[in-house]
Undergrad: 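Dumping the structure here so I can ask a few things about it.
The analysis underlying the following values was restricted to heavy atoms, covering all of them including side chains, and did not include hydrogens, waters or symmetry mates. Because the structure is a prediction, the values reported are computed rather than measured. Proteins get letters first, then strands, A, B, ... in listed order; numbering begins at 1 in each.
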Protein chains: 2
Amino acid sequence: MHSGTGTLGKAIAVLDAVAASQVPLRFTDLLARVDQPRGTLHRQISNLVEEGLLQVNSDHSYELGIRLLRFASNAWSRSKFRNIAEPHLIELHKKVGETIHLGVLQGIEVIYLDKVESSQAVRMHSQIGNASPCYCTGVGKAALSLLSPAQLEERISVIEFRNYTPTTIADADGLRREIEDIRAKGYALDREEHEAGIHCVAAAIGSPGEPLAAGISITAPVYRLPLETLESWAGEVHQAAAAITEDMRVRAGPRG
Amino acid sequence: MHSGTGTLGKAIAVLDAVAASQVPLRFTDLLARVDQPRGTLHRQISNLVEEGLLQVNSDHSYELGIRLLRFASNAWSRSKFRNIAEPHLIELHKKVGETIHLGVLQGIEVIYLDKVESSQAVRMHSQIGNASPCYCTGVGKAALSLLSPAQLEERISVIEFRNYTPTTIADADGLRREIEDIRAKGYALDREEHEAGIHCVAAAIGSPGEPLAAGISITAPVYRLPLETLESWAGEVHQAAAAITEDMRVRAGPRG
DNA sequence: TCAACGAGTTCCGATAAATGGAACGACGTT
DNA sequence: AACGTCGTTCCATTTATCGGAACTCGTTGA
C-alpha cells in the first residue's frame, strides 16, 4: 500500500499490486499499476516467480505464491504478541459472548491477527491476515489514538478517505476529532463505519511512544445487539487491552 | 529452504532462517546462519524490517512480520488451485469420514494448502501453510512421482534424509524405489514415516511435465484405523485427485 | 579503575546488480 | 499482408549492494 524504495521495496510493491487486485492480473495490467519500465518489471516478476513469492498461471495471469503461506503460518503461530494476547481474548469472549478481534496497526491499515467467536463452524482462516482501513474500524481508531501528534499527522496525510457507509468518517478533521474523543474516553466505537449492520467497541493495546500500536474489539451485528449494550462493555474491553499491554511490557522487558 | 541468488533471494534467505528457527534469533545468531558479512546482513535486515517483512522485538530478537500474514491470507483465499480443489476435498471427506489434506510440492517440501476434517473445533489455521519434507509424507511422495527422472534426481540430490520414525525412508535409493512403486500402483502410502501413530494414503494431482505437482491424502491415527482400511480407499483418493487434475486442466486451459 | 570483549551499528571505496530504452518475436486482428 | 498488442530479450548506463574496517555501547573481569 505504501512501500517502494530500494530494490526490495519495488519487489514488494509488485506483490502489493497483485494482492490489491480482485481480478487476476496479466503482465500488461501490472505494468499499468506499478510505475516501472517494461524490462524492469519483467525481470522483477521473474525474480519473484523464481523465489516462489509469485505464481504464474498458464494464461500469464499472476497470483501470490504459496511460499508466502509457509512464511505466514510461521509468523502467526510464533508471534509473541498474538500468543500473549490469546488468553485475554478468550477470557473476554467468555465474559461477553460476542466475537473478539485482535488487530495491529500497520501503516494506515489494521491487520487482524486473531479472532475468537462462538461458532467456530465457520470456515477457517476467516479474516485472519485481512487488512482494513484504520480510520473506519474500532481497532484501527483505538490504535491511532496511541500515536504522537506528528506520527498521527503523517499517517493521516496518506489516507484516502472513502465512504464505505453513511457513517464512515469522511475527512482528516473528522478523524482528528474522533481520535481526541477516543483518548478522552479510553475506548473507540465503530458505528457501522466500515460495514453496514456491524458495529463494535474497541480499546488500544500499547503505550504512547512505543512501536506497538494495536487493539481489540467486541464486534456484533446491529440487529441483535444495540450500541448501548456494546458501549456498556467499554470497561471490559479497556481492561482486557490494558492487561495485554501490561503482559507485553513484562514479558518483553526483562528478557525475550 | 534453497534460494539465495540475487538481491531478493538473499533477503528471502534471511526470512527463511528466521522461519526455520524454533527459538527467537538475535543479530549474531542470524549472522551465523546466513553466510553474509556483518555490514551486509545488517542492511538487509534493516530493509526487511522497513518493509514489514521482519519484526524486531525490544530485546533485538527477530520474528516474521505481520505483513506476510496479509499477503498470505490473500494468496490462500484467491488461490485458483485451492478453490478448484476444495469441493473435491469435501466430497472425499464425506465418503470416508477421515481428515483430508491438500498439499503442493515446493522444492523438496510439501506445503499444506487446505484441510477438511470433522471436528472443526480444533483451533483454526491448524497446519495450513505448514511445510513437511517430501520424502516422508504421502502427499509429498505422490507429487514426486509426477516428476521427470531429471527433475526427480535434482530434488533428491538436495534432500537431507533424516529418520523421523523407524519407518522413515532413509536414503536416496529407498526413495527411488518407493517412487517407482507409487507410479506402478497409482497411490502412495505413508506408513508412519513422518509422525509415529499417523499414517495416510495419497494420490498425485497434476500431470508429468507440467509445473503443478501436488497431492491429496486421507490421514488417520493408527490406533483407530488399520492400514488395510486406508489402502482400501486408494481408489477414492486416486479418483478425487484425477478429478482435480482434470478440473485444473479444463479451467486453466481455455481461459483464466 | 581500566582493559578486554562481544554485540550492534555506521562508513565508504570497490564492485556487481538493477535499470530502462529499444529492438525482437509471437499472436491475433483488421 | 500490414498492423497492433503482448510478452520477452539485449546491453550500455547508472545505481544500489557489497564487505572490510572502524566506531559505539554495555558487560565482564582483572
Side-chain angles (χ1 to χ4, degrees), chain A residues 2-18 21 23-65 80 210-212 252-256, chain B residues 2-18 21 23-65 80 210-212 252-256:
Chain A
H2 33 91
S3 64
T5 50
T7 310
L8 185 61
K10 307 275 183 64
I12 293 185
V14 175
L15 294 185
D16 257 331
V18 175
S21 164
V23 301
L25 296 177
R26 294 194 319 284
F27 180 82
T28 315
D29 304 322
L30 271 172
L31 194 56
R33 281 156 215 252
V34 182
D35 188 30
Q36 300 253 330
R38 295 234 294 274
T40 304
L41 179 62
H42 188 265
R43 180 178 36 77
Q44 286 172 340
I45 289 178
S46 299
N47 289 339
L48 287 168
V49 169
E50 195 173 353
E51 294 299 335
L53 268 45
L54 210 54
Q55 228 169 329
V56 48
N57 299 323
S58 53
D59 63 338
H60 289 140
S61 68
Y62 294 98
E63 52 182 61
L64 295 178
K80 188 191 289 184
E210 293 195 5
L212 176 67
R255 91 182 68 188
Chain B
H2 35 91
S3 64
T5 49
T7 310
L8 185 62
K10 307 276 183 65
I12 294 185
V14 174
L15 293 184
D16 257 331
V18 175
S21 165
V23 301
L25 297 177
R26 293 193 320 283
F27 180 82
T28 314
D29 303 322
L30 271 171
L31 194 58
R33 282 159 214 248
V34 182
D35 189 28
Q36 301 253 326
R38 295 234 296 278
T40 302
L41 179 63
H42 189 265
R43 180 179 38 76
Q44 286 173 341
I45 290 178
S46 300
N47 289 339
L48 287 168
V49 170
E50 195 173 352
E51 294 299 334
L53 269 46
L54 209 55
Q55 227 169 330
V56 48
N57 299 323
S58 53
D59 63 339
H60 289 140
S61 68
Y62 295 98
E63 52 181 60
L64 295 178
K80 187 191 291 185
E210 294 194 5
L212 177 68
R255 90 183 67 188

Undergrad: Would you kindly give the CG-to-C1' distance between N47(B) and dA18(C), to the nearest whole Å?
TA: 14 Å
Undergrad: A quick test of your reading: do over 12 heavy atoms of other residues, nucleotides or ligands sit less than 6.0 Å from CZ of R26(B)?
TA: no
Undergrad: Under 3.5 Å, is there an N or O donor on one side and an acceptor on the other linking the side chain of R38(A) and the base of dG21(C)?
TA: no
Undergrad: Please check the phosphate of dT9(C) (OP1 and OP2 only) for any side-chain N or O of H42(B) closer than 4.0 Å.
TA: yes
Undergrad: Please compare L8(A) and D29(A) by the position of their nearest nucleotide in DNA chain D and report the one closer to 5'.
TA: D29(A)
Undergrad: Measure the distance from CZ on F27(A) to C1' on dG25(C) and round it to the nearest whole Å.
TA: 15 Å
Undergrad: Check whether any side-chain nitrogen or oxygen of K10(B) sits under 4.0 Å from OP1 or OP2 of dC18(D), and answer yes or no.
TA: yes
Undergrad: What is the distance, to the nearest angstrom, from the CD atom on Q44(A) to the C1' atom on dT9(D)?
TA: 16 Å
Undergrad: Consider the side chain of T28(B), meaning its heavy atoms from C-beta on, and name the nucleotide among dG20(C), dT8(D), dG8(C) that approaches it most closely.
TA: dG8(C)
Undergrad: What is the distance from CG of L31(B) to P of dT9(C), rounded to the nearest Å?
TA: 12 Å
Undergrad: How many whole angstroms separate atom OH of Y62(B) from atom C1' of dG8(C)?
TA: 8 Å
Undergrad: Distance check needed: dT10(C) P versus L41(B) CG, whole Å only.
TA: 14 Å
Undergrad: Starting at CG of D16(A), measure out to OG of S21(A) and round the result to the nearest 0.5 Å.
TA: 12.0 Å
Undergrad: Give R43(A) one of three labels, base, sugar-phosphate or nothing, depending on what nucleic acid heavy atoms sit under 4.0 Å from its own.
TA: base
Undergrad: Kindly indicate whether the side chain of Q55(B), heavy atoms from C-beta on, has any atom under 4.5 Å from the side chain of V49(B).
TA: no
Undergrad: Using modelled atom types and a 3.5 Å cut-off, is there a donor and acceptor pairing between side-chain atoms of S61(B) and backbone atoms of N57(B)?
TA: no
Undergrad: Counting just side-chain N and O atoms, does Q36(A) come under 4.0 Å of either OP1 or OP2 of dA18(C)?
TA: no
Undergrad: Please classify the nucleic acid contact of T7(B) as base, sugar-phosphate, or nothing, using heavy-atom distances under 4.0 Å.
TA: sugar-phosphate
Undergrad: Tell me: CD1 of I45(B) to P of dC18(D), nearest whole Å?
TA: 13 Å
Undergrad: Nearest 0.5 angstrom please: L8(A) CG to R43(B) CZ, how far?
TA: 10.5 Å
Undergrad: Of the options dT8(D), dG20(C), dG20(D), whose atoms approach the side-chain atoms of T40(A) most closely?
TA: dG20(C)
Undergrad: Given atom CG of D59(A) and atom P of dG7(D), what is their separation to the nearest angstrom?
TA: 10 Å
